[in-house]
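One structure below.
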Amino acid sequence: MTHSPTPTRAAALDRLAGFAPRSGRAYASGRNADLPGHPHVSGLSPYLRHRTVTEAEVVRAVLDRHAPATAEKFLSEVMWRSYFKGWLERRPQIWADYRAGVTAGRNRLAVESGLRAAWEDACEGRTGIAPFDHWARELVSTGYLHNHARMWFASIWMHTLRLPWELGADFFLRHLLDGDPASNTLSWRWVGGLHTRGKVYRARASNIAKYTDGRWDASTLGHQLAREDQVTPLDGPAHPAPDPVPVDAEWQHDLTTGLLLTEDDLHPDFLLARGLRPTAAAVLVAPSERSPLAVSSRVQGFTRDLAQDAADRVADTCPCAPVTNDPDAVVAWAETAGLQQLVVPYTPVGPARDAVARIRTSLSIPVVELLRAWDAAAWPHTTAGFFKIKARMSQIFEAIPQDVGSRP
């Protein structure tokens, strides 16, 4: 991933085609290395986050080139996304608690000058911990960090700098092009020992030096980073019991139907393959709602451009309203178009879910959310840790033909 991704589905498919041959042993051997240009990773995460390309499409492309065992490391990374997505979907209180934690952290910043100075130094790359400062600047300037760097960064934020984890997760969500409520929140909780209770991820100087090709001196870092005896799991309540898996719905085929896309799923061909024939469409994005602080213009522009690309593609099927970030504009569009029902790809926990809920409350017509076959297959296995869902990968992959739409 050597440059900012082009915000189109065509670019996503090109990137997938270029990466699929390297998704087997080459990926497994190089995936942990955080090197300039990030040559060993797929670069697909900004597209997957918005489902400009889908998990099913990515897995299908990889399995067309490799046996499952050969591509196991990359396939597991795809499944981590599905695991986190389903885990949070069934425990929405975790997201609410995180948002409350961000509010509490901001309140502390307003009255604790020392904390505010440390937070600003961390966000602006002025801590004096060289790799951490590099990653902070890289994130702000590119909208991306290697996954290994994200783990190191989160660990240093929490365990060395002793900053509130919610403010760190918020920093990521404001700047990552692939910033996702589930993956981001739960990854930070995992590093802090809140997800897998009592298991903490500690950034180690030797590990950083090894996987960054020696760009930073391990002996210097060893004196800066928290020691093992200084790292303890964060405290928090027990996990709530999982809610039932969301169920798929069906629309009434004899009603005038509108299609609404959100930033969480910008490829509606699975709906068209099921027989949906909308008379009008709209696209709603809400990247500015990912944080109470300012979300980067890079993130907002990328998301909106991806949404516009989706609107252009949908326009081949039916008229599409201008992309909007205003739920009230969607309500007005639906009423003006004389819609009798609104169909939406299922919207998971996060800001887009809140926007769809607002639309549902304001409209007097049914708002029908349709669940992808991939999610219906994966989410039942998010009751415990990751390895439960990993053990069922082949079963989940059986949903690929149903999940993948009919058009490129």
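Values below: all heavy atoms of this structure, side chains included; hydrogens, waters and symmetry mates excluded.
- Defined by atom type and a distance below 3.5 Å, a donor-acceptor pair is present between the side-chain atoms of Trp374 and Ser82.
- Side-chain N/O atoms of Asp121 and Thr127 include no donor and acceptor closer than 3.5 Å.
- Applying the 6.0 Å contact sphere to NZ of Lys199 captures no more than 12 heavy atoms from other residues, nucleotides or ligands.
- Sorted by first then second residue, the salt bridge (Lys or Arg N to Asp or Glu O under 4.0 Å) pairs that include residues 292-308, not counting sequence neighbours, number zero.
- Not less than 6.0 angstrom separates the ring centroid of Phe386 from the ring centroid of Phe84.
- With Tyr47 as the aromatic partner, Arg15 does not meet the cation-pi criteria of under 6.0 angstrom to the ring centre and within 45 degrees of the ring axis.
- The two residues Arg277 and Leu272 make their nearest non-hydrogen contact at NH1-O, 3.1 Å.
- Between Leu167 and Leu163 the shortest side-chain heavy-atom distance does not fall below 4.5 Å.
- Residues Asp34 and Trp152 bring no donor and acceptor atom of their side chains to less than 3.5 Å of each other.
- With Arg51 as the partner, the salt bridge (charged side-chain N to carboxylate O under 4.0 Å, His left out) test is satisfied by one option alone out of Asp375, Asp178, Asp180, Asp403: Asp375.
- If you check the side chains of Tyr144 and Arg150, you find no donor sitting under 3.5 Å from an acceptor.
- Cation-pi geometry between Arg91 and Trp87 is met: the NZ or CZ atom falls under 6.0 Å from the ring centre, inside 45° of the normal.
- The residues Asp264 and Arg353 are annotated as not salt-bridged, no charged nitrogen and carboxylate oxygen being separated by less than 4.0 angstrom.
- Residue Arg25 places its CZ atom among 12 or fewer non-hydrogen atoms of other residues, nucleotides or ligands, all under 6.0 Å distant.
- Other residues, nucleotides and ligands contribute only 12 or fewer heavy atoms inside 6.0 Å of the CG atom of Asp235.
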Can you give the donor-acceptor pairs under 3.5 Å from side chains of residues 318-328 to other protein atoms, not counting sequence neighbours?
| residue | atom | partner | partner atom | Å |
| --- | --- | --- | --- | --- |
| Thr324 | OG1 | Asp326 | N | 3.0 |
| Asp326 | OD1 | Asp328 | N | 2.9 |
| Asp328 | OD1 | Arg358 | NH2 | 3.3 |
| Asp328 | OD2 | Arg358 | NH2 | 2.8 |

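- There is a side-chain donor-acceptor pair under 3.5 Å between His148 and Asn207.
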Show which side-chain atoms of residues 185-195 pair as donor or acceptor with protein atoms under 3.5 Å away, not counting sequence neighbours.
| residue | atom | partner | partner atom | Å |
| --- | --- | --- | --- | --- |
| Thr185 | OG1 | Pro181 | O | 2.6 |
| Ser187 | OG | Ser183 | O | 2.6 |
| His195 | NE2 | Tyr83 | OH | 3.0 |

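- Side chains of Glu263 and Thr303: no donor on one and acceptor on the other come within 3.5 Å.
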